[in-house]
Asker: 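Right, I'll just put the structure down here and ask away after.
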Amino acid sequence: MAKKSAKPETTTEVKLLSGGNPQIAKADGDQPVQAYIAAMPEWKHDVGRWIDQLVVASIPSVRKAVRWNTPFYGVEGHGWFLCFHCFNKYVKVSFLNGDQLEPAPPVKSKQETVRSLHVGENDERDDQQLIKWIRQAAALPGDNVF
């Protein structure tokens, strides 16, 4: 059976929390986000890489950080606009101002402004829709302006 993709080598073992979510210390920059993605188990690793690549291609000046064992993406002066998190059967991609996006991402949150997309192992991935949401979200005021 062929591998779907090669995962980057890691020098230290990362603890996986419930749902296979990697435990990565709070830190700013690309390195902790890449460590998180590298530690994502099985097919979730490919989903993390896909999200990261589309965000970077769409918003070249994006800021990255890991907070609460979750990668966050933001724009200087606007704050965080997107994060993602591993669950057992999907990766949850959350837009912190998703209620303002057109069309709004399909999954509502307990927080009024947050809308999400669940990406499962065999789900079809719509690059163009995700890019549209990324660009819209990055242009709006985000959460926790840094």
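Just so it is clear, the model here is predicted, and its values are computed rather than measured.
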Asker: Flag the pair Val75 / Val62 as yes when at least one side-chain heavy-atom distance between them is below 4.5 Å, and no otherwise.
Answerer: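 A side-chain contact is absent here, since even the closest heavy-atom pair is not under 4.5 Å.
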Asker: Over all heavy atoms of both residues, which pair between Cys86 and Met40 is shortest? Give the atoms and the distance, please.
Answerer: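 Taking Cys86 first and Met40 second, the nearest heavy atoms are SG-CE, 3.5 Å.
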Asker: Considering only heavy atoms from C-beta outward, does the side chain of Leu96 approach that of Phe81 to under 4.5 Å?
Answerer: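 A side-chain contact is absent here, since even the closest heavy-atom pair is not under 4.5 Å.
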Asker: If you define the side chain from C-beta out and look only at heavy atoms, does anything of Ile134 sit under 4.5 Å from Ile51?
Answerer: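 With C-beta onward as the side chain, the pair stays apart.
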Asker: If the condition is side-chain hydrogen bond (donor to acceptor under 3.5 Å, both in side chains), which residues does Ser58 pass it with, not counting sequence neighbours?
Answerer: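 With sequence neighbours excluded, Ser58 shows a side-chain hydrogen bond (donor to acceptor under 3.5 Å, both in side chains) to no residue whatsoever.
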Asker: Listing request: all side chain to side chain donor-acceptor pair (under 3.5 Å) pairs with a residue in residues 91-116, at least two apart in sequence or in separate chains.
Answerer: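 Residue pairs passing side chain to side chain donor-acceptor pair (under 3.5 Å), neighbours aside: Ser94-Ser116.
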Asker: Can you pull the ring pair (Phe, Tyr, Trp, His ring centres under 6.0 Å) pairs that have at least one residue in residues 97-134, sequence neighbours excluded?
Answerer: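 Non-adjacent pairs meeting ring pair (Phe, Tyr, Trp, His ring centres under 6.0 Å): Tyr90-His118, Phe95-Trp133.
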Asker: Are any of the side-chain heavy atoms of Gln128 and Asp126 separated by less than 4.5 Å?
Answerer: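 Yes - at least one pair of side-chain heavy atoms lies under 4.5 Å apart.
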Asker: Side chains of Asn21 and Trp68: does their closest heavy-atom pair fall under 4.5 Å?
Answerer: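 SC-SC contact between Asn21 and Trp68 ruled out.
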Asker: NZ of Lys15 to CD of Glu13: how many Å apart, nearest 0.5 Å?
Answerer: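 Rounded to the nearest 0.5 Å, the NZ-CD separation comes to 12.0 Å.
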Asker: Would you mind reporting whether Asp46 and Arg125 have side-chain heavy atoms less than 4.5 Å apart?
Answerer: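 Yes, at least one pair of side-chain atoms sits under 4.5 Å.
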Asker: Between Asp28 and Arg67, does any side-chain N to carboxylate O distance fall below 4.0 Å?
Answerer: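 Yes.
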Asker: Would you say the side chains of Asn122 and Trp43 form a donor-acceptor pair under 3.5 Å?
Answerer: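 Per modelled atom types, Asn122 and Trp43 side chains form no pair under 3.5 Å.
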Asker: Locate the shortest heavy-atom distance separating Leu101 from Ala137; write the atom from each residue and the value.
Answerer: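 The answer is CD2-N, 3.6 Å.
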Asker: In terms of the angle between their ring planes, are Phe84 and Tyr36 parallel, tilted or perpendicular, with boundaries placed at 30° and 60°?
Answerer: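 Rings of Phe84 and Tyr36: perpendicular, as their planes differ by over 60°.
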Asker: Rounded to the nearest 0.5 Å, what's the gap from CG on Leu54 to CZ on Arg135? Could you check?
Answerer: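 Nearest 0.5 Å value for the CG-CZ distance: 9.5 Å.
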Asker: Applying the 4.5 Å side-chain criterion to the ILVMFWY set and letting contacts propagate, would Val91 and Val107 be lumped into a single cluster?
Answerer: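 No: no chain of side-chain contacts under 4.5 Å links Val91 to Val107.
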Asker: CD1/Ile37 to CD/Gln53 distance, rounded to the nearest 0.5 angstrom?
Answerer: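 One gets 8.5 Å once the value is rounded to the nearest 0.5 Å.
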Asker: If you measure from the Lys or Arg side-chain nitrogens to the Asp or Glu carboxylate oxygens, is any gap between Arg49 and Asp52 under 4.0 Å?
Answerer: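 Not counted as a salt bridge, because no side-chain N and carboxylate O are separated by less than 4.0 Å.
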Asker: Is Leu17 close to Pro22 at the side-chain level, that is, under 4.5 Å between some pair of heavy atoms?
Answerer: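 Pro22 does not reach Leu17 side chain to side chain.
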Asker: Pick from Thr70, Val93, Val66, Val114: which one makes a side chain to side chain contact (heavy atoms under 4.5 Å, CB included) with Cys83?
Answerer: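 Exactly one candidate clears the test, Thr70.
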Asker: Under a 3.5 Å distance rule, please check whether Asn69 uses its side chain to pair with a backbone N or O of Ile24 as donor and acceptor.
Answerer: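 Present.
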Asker: Does Ala39 offer a backbone N or O that forms a donor-acceptor pair with the side chain of His45 under 3.5 Å?
Answerer: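 No; judged by distance alone, with no hydrogens or angles, the pair does not exist.
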